[in-house]
Amino acid sequence: MAMFPIFMIGLFAGMLLAYVYYRHIKSVPSKTKFDLQERLIVTLREDIEALKIANEDLHKQLEEKKNNRRID
């Protein structure tokens with residue numbers, strides 16, 4: 001009967017330590033996650049540049065069509 005309070009204290013301490021450990025691991029990103037996010041950012045920046053170039057080409061085509069329409 002004297003072991004039950006010690007058991008309960010150990011159980012509570014274990015749960016508390018597990019919670020703290022879980023929160024710490026969840027808040028610290030792993031190197032793999034960091035590398036994946038970095039690659040995603042680089043890819044998205046390249047996509048943005050490609051879209052800017054395509055947008056400029058489309059604007060040039062639109063201006064040419066407007067100019068051709070005015071001449072006709």
> Going by the salt bridge (Lys or Arg N to Asp or Glu O under 4.0 Å) test, which pairs reach into residues 31-41, not counting sequence neighbours?
Replying inline: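 Checked against salt bridge (Lys or Arg N to Asp or Glu O under 4.0 Å) - neighbours excluded - the pairs reaching residues 31-41 are Lys31-Asp35.
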
For the atom pair [atom1] ([X]) and [atom2] ([Y]), what is the distance rounded to the nearest 0.5 Å?
X     : Y     : atom1 : atom2 : answer
Lys66 : Asn68 : NZ    : CG    : 13.0 Å
His24 : Tyr21 : NE2   : OH    : 8.0 Å
Arg45 : Ile48 : CZ    : CD1   : 8.0 Å
Leu40 : Asp47 : CG    : CG    : 9.5 Å

> Would Leu11 end up clustered with Phe4 when hydrophobic side chains under 4.5 Å apart are linked, directly or stepwise?
Replying inline: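 Leu11 clusters together with Phe4.
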
> Is any side-chain heavy atom of His59 closer than 4.5 Å to a side-chain heavy atom of Glu56?
Replying inline: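 In short, these two side chains do not touch, never coming nearer than 4.5 Å.
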
>> If we ignore hydrogens and angles and just use 3.5 Å, is the side chain of Asn55 paired with the main-chain N or O of Leu51 as donor and acceptor?
In response: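 Not at all, since once roles are kept as given, no pair shorter than 3.5 Å links the two residues.
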
